[in-house]
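Some notes on the structure that comes next.
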Amino acid sequence: MTDVAEGIGLAETRALEERYLMRTYKRAPVDFVRGEGALLWDADGKRYLDFLTGISVCSVGHCHPDVVKAVREQSHRLMHVSNLFYTEPMAQLAAQLSDSSLGGRVFFTNSGTEANECAIKIARKHAHGRGVSAPEIVSFERDFHGRTYGALSATPGLATNEALGPMLPGFRSVPRNDAAALREAVGENTAAVLIEPIQGEAGVFPISEEALLAARQACDEAGALLIFDEIQTGVGRTGSLWAYEQTPVRPDVITSAKALGGGFPIGACITGPAAAEVLEPGDHGSTFAAGPVATAAATAVLALVDDPVLLRHVRELGAYLCERLRELDGVRETRGRGLMVGVGLEEGIDSAAVGADLLKRGLVVNAPRPDTLRLLPPLVIDSDHVDQAVGLISESLLGFAQR
Ligand SMILES: *Cc1c(COP(=O)(O)O)cnc(C)c1O
């Protein structure tokens, strides 16, 4: 493909945005118009290597031909009939998600935050079933679970925004990885422990095995549900289909979204047997959820990702990426698993400035905290892509170290 200008361009797009869009996002100064595999092109025709994939959404690469084909074929046949009727792609996808994870039932959504809303409803109703009248949900500090009010109330760092209050009652948090504090916080009123097995938005911090085991044990003793928010860690990102598979615990519920649709919006709340029968007719619903096009896209994604060869590739390439990054001047540490990588920078190097510089050099990453770059490349990249990205990060960091 030739690198040519397309569309109205950044300046005009920006002018429209400034006049018409709510000011909820601080965007980087680039207007993407096209993607293919690990590459993106902006409106000026400049090419980028994408090590962010729309925040771990386009994990099979941009516009993967199998996903494009599934969406194209299904969108010609049937786009929507609502959840008042049966549709085969939804049923097939539910079977695949359940069989590949906890074995219970699935509720589909259009986003990650909605998948967590479903999990919160399940947890509260499950607790009411044990006679708990004021159920509580316990999370770790710096967890991120979403922006709707239930998920927001379970996101300690955002729930403090009083201008958006009041939050939902019944949410509390304990310091990340503090097994003793978690055991202390979980009691007879606890409906669930809702945590990310690796905190993503916080800057890629894996939860320790000790804390996960404490969460499992405390939930078992209290009769509470252990819920893993796998919206960022799931669908192959960490080198197993679900991140919990690489931990010593099995949760009762997992939530998925982001990479599930390969760029098409879809989420899912997936239960094991303990939580499968909690929701009944009238308890929950969604007009759009699990429409034929979204579920066809997700089925195409799972056909690519639920593959031991690809998952091994993710673990091996992730290890190679981290090894190469740790050799660089300016890198203090790497965190994460598989191709979910946080790069801790040396003190005094501002990750946002490095991220902006990398964007100019043609590498897309993000800076979730002032000392960390986050890398979420497509799972289908090869070692040449890794070498290119590491080369660009090395050059960029050299400039910052000299300042
Ligand atoms: C992105 C994310 C969410 C929210 O998903 P949306 O689709 O933006 O609603 C929730 N939890 C985690 C761990 C996430 O990374």
Side-chain angles (χ1 to χ4, degrees), residues 22 24-25 27 52-59 101 107-123 137-159 164 168 171 173 176 192-207 212 215 226-238 242-244 247 251 253-270 286 288-291 294 297-298 301 335-342 365-369 372 374-377 379:
M22 291 196 197
T24 54
Y25 284 103
R27 299 187 209 275
L52 188 61
T53 54
I55 320 182
S56 196
V57 167
C58 301
S59 284
S101 63
F107 182 87
F108 285 111
T109 67
N110 311 290
S111 66
T113 197
E114 289 169 89
N116 284 333
E117 294 297 328
C118 178
I120 291 166
K121 267 195 186 176
I122 290 173
I137 291 178
V138 182
S139 296
F140 280 129
E141 288 170 11
R142 305 197 182 276
D143 262 3
F144 179 80
H145 298 299
R147 299 281 190 167
T148 50
Y149 271 100
L152 181 64
S153 301
T155 298
L158 298 175
L164 299 179
L168 261 57
F171 289 85
S173 60
R176 176 176 61 217
V193 170
L194 165 61
I195 53 178
E196 300 174 74
I198 302 173
Q199 290 186 336
E201 296 308 294
V204 190
F205 289 93
I207 301 304
L212 294 177
L226 179 59
I227 305 172
F228 276 10
D229 177 341
E230 292 239 24
I231 289 164
Q232 194 161 144
T233 56
V235 195
R237 174 54 58 191
T238 68
W242 307 106
Y244 81 80
T247 75
V253 177
I254 58 176
T255 53
S256 177
K258 289 206 162 90
L260 184 57
F264 216 86
I266 179 169
C269 177
I270 309 165
S286 165
F288 281 132
V301 168
R335 304 182 294 268
R337 197 166 288 139
L339 285 169
M340 179 173 183
V341 176
V365 301
N366 94 322
R369 40 179 283 151
T372 298
R374 178 173 47 168
L375 309 183
L376 299 163
L379 308 183

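Remember, it's 1-based here, ligands and their atoms both numbered in the order they're listed. Computed from a predicted structure; not experimentally measured.
- With sequence neighbours left out, the salt bridge (Lys or Arg N to Asp or Glu O under 4.0 Å) criterion links R374 to E201.
- The salt bridge (Lys or Arg N to Asp or Glu O under 4.0 Å) search around R369 returns D371, not counting sequence neighbours.
- With contacts defined as side-chain heavy-atom distances shorter than 4.5 Å, the pair S286/T109 does not qualify.
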Criterion side-chain contact (heavy atoms from CB on, under 4.5 Å) on E230 and Y244, from CA distance to verdict: CA-CA 8 Å; E230 292 239 24; Y244 81 80; 3.5 Å; yes

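- Every residue two or more places apart in sequence or in another chain that forms a ring-ring contact (aromatic ring centres under 6.0 Å, His included) with F288 is listed here: H80.
- Counting only distance, with no hydrogens or angles, the side chain of T255 and the backbone of I231 share no donor-acceptor pair below 3.5 Å.
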Distance dump, ligand 1 polar atoms to protein, N/O, under 3.5 Å:
residue, atom, partner, partner atom, Å
ligand 1, 7 (O), G112, N, 2.8
ligand 1, 9 (O), G112, N, 3.4
ligand 1, 9 (O), T113, N, 2.8
ligand 1, 11 (N), F144, O, 3.2
ligand 1, 11 (N), D229, OD1, 3.4
ligand 1, 11 (N), D229, OD2, 2.7
ligand 1, 15 (O), Q232, NE2, 2.8
ligand 1, 15 (O), K258, NZ, 2.6

